[in-house]
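Everything on this sheet refers to the single structure shown next.
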Amino acid sequence: MKPQAVVFDLDGVITDTAHLHFQAWQRIAADIGVEIDEVFNDSLKGISRQESLRRILRHGGKAEAFGEQECEALAARKNALYVHSLRDLNVESILPGIRQLLCDLRAQQIGIGLASVSLNAPTILQALEIADFFDYCADAEQVARSKPDPAIFIAACRGLGVQPEACIGIEDAQAGIEAINACGMRSVGIGSSLTGAGLLLPTTEFLTWPCLSAFWQHDK
Ligand code: BG6
Ligand code: MG
């Protein structure tokens, strides 16, 4: 028995862009007198751009300080900083083990999907030169709700033509693990402080096809 598909989160699973998101938000936050640290940043993982800004403003006690247009401008500035920081991204930026796993999944004829709420996901996959591995990438623009809502994972499974129960989802964010579990997929977490993951691995180096295969068979 094999899973029919494996659906990946992007930031923090395929490549380490989480700290680039953090650096960009930290600069925007500092400009408006709000301080954020790495611990707070964990609560932004898997959260859309606009919702991240709302959380930062709330964190700094400035939830009501900016109008809609000002918020749009702040989010656009953050994105410009973030996109600029992506300029050095290349094949070397793929996290350890991921490329091999993609090759193995393809050899096993298991579907490969992407469930990222990042509007920059297509650009990043191109820069990493792995876009062709993906049978379906859920379109973040079509999904209104951030993780932990399962909408983006459901969209990925639908696009792949598989039932969530027949798939594995891989995430580095607590909100992502909750999204995977909420739609009946089997969850694999990358990191040390996640709760509720069906399988928790410290880093992507441990994320291999034999490991996923054993997890699937054990869990079924
Ligand atoms: C997620 C990240 O993958 O994408 C979040 O974990 C980020 O931190 C979100 O806010 C949206 O990304 P983008 O590239 O559309 O601003
Ligand atoms: Mg992530």
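All ligand and atom numbering here is 1-based and tracks the order in the structure. Predicted, not measured: the structure shown is a model, and the values here were computed from it.
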Backbone N or O of Asn79 within a donor-acceptor pair of the Arg49 side chain at under 3.5 Å? no
In this structure, which one of Gln100, Gln108, Arg106 forms a side chain to side chain donor-acceptor pair (under 3.5 Å) with Asp104? Gln100
For atom 10 (O) of ligand 1, which protein heavy atom lies nearest, and how many Å away is it? Ile47 O, 2.7 Å
Salt-bridge present (Arg58, Glu51; N to O < 4.0 Å): yes
Could you check atom 2 (C) of ligand 1 against the protein and tell me its nearest heavy-atom contact, residue, atom and distance included? Asp11 OD2, 3.4 Å
Out of Leu119, Thr17, Leu20, who gets a non-hydrogen atom closest to atom 15 (O) of ligand 1? Leu119
Asp11: which N/O/S atom is nearest the Mg ion (ligand 2)? O
Does the residue Leu10 have a heavy-atom contact with ligand 1, meaning some pair of atoms that are separated by less than 4.0 Å? no
Just to check, does Lys78 reach to within less than 4.0 Å of ligand 1 when the distance is taken from its heavy atoms? yes
Answer yes or no for Lys78 and Tyr82: cation-pi contact, defined as NZ/CZ to six-membered ring centre under 6.0 Å and angle to ring axis within 45°. yes
Starting from atom 16 (O) of ligand 1, which protein heavy atom do you reach first, and at what distance in Å? Arg49 NE, 2.8 Å
Taking atom 6 (O) of ligand 1 as the reference point, the nearest protein heavy atom with its distance: Gly46 N, 2.8 Å
Do the side chain of Thr15 and the main chain of Thr17 share a donor and acceptor less than 3.5 angstrom apart? no
Quick note on ligand 1: atoms under 4.0 Å from a heavy atom of Lys45 include exactly 6 (O)
Between Arg77 and Leu74, is there a donor-acceptor pair closer than 3.5 Å when you use the side chain of the first and the backbone of the second? no
For the residue pair Ile14 and Leu114, establish whether any side-chain heavy-atom pair is separated by less than 4.5 Å. yes
Tell me which N, O or S atom of Asp172 sits nearest to the Mg ion (ligand 2). OD1
Could you list which atoms of ligand 1 come closer than 4.0 Å to a heavy atom of Asn120? 13 (P), 14 (O)
Is the Mg ion (ligand 2) less than 2.8 Å from an N/O/S atom of Asp9, whether that atom is in the backbone or a side chain? yes
Mind checking whether Trp25 has an N or O less than 3.5 Å away from an N or O of ligand 1? no
Note: Asp9-Lys45 ion pair, threshold 4.0 Å (strictly below): no
Specify side chain, backbone, both or neither for Ser52, according to which of its non-hydrogen atoms lie closer than 4.0 Å to ligand 1. side chain
Could you find the nearest protein heavy atom to atom 8 (O) of ligand 1 and give me its residue, atom name and distance? Leu44 O, 3.3 Å
Check the pair Gln26 / Leu81 against side chain to side chain contact (heavy atoms under 4.5 Å, CB included), numbers first and verdict last. CA-CA 11 Å; Gln26 200 176 33; Leu81 288 173; over 6 Å; no
Rounded at 0.5 Å granularity, tell me how far CD in Glu141 sits from OG in Ser48. 12.0 Å
Quick check on contacts: which atoms of ligand 1 are under 4.0 angstrom from a heavy atom of Ser116? 3 (O)
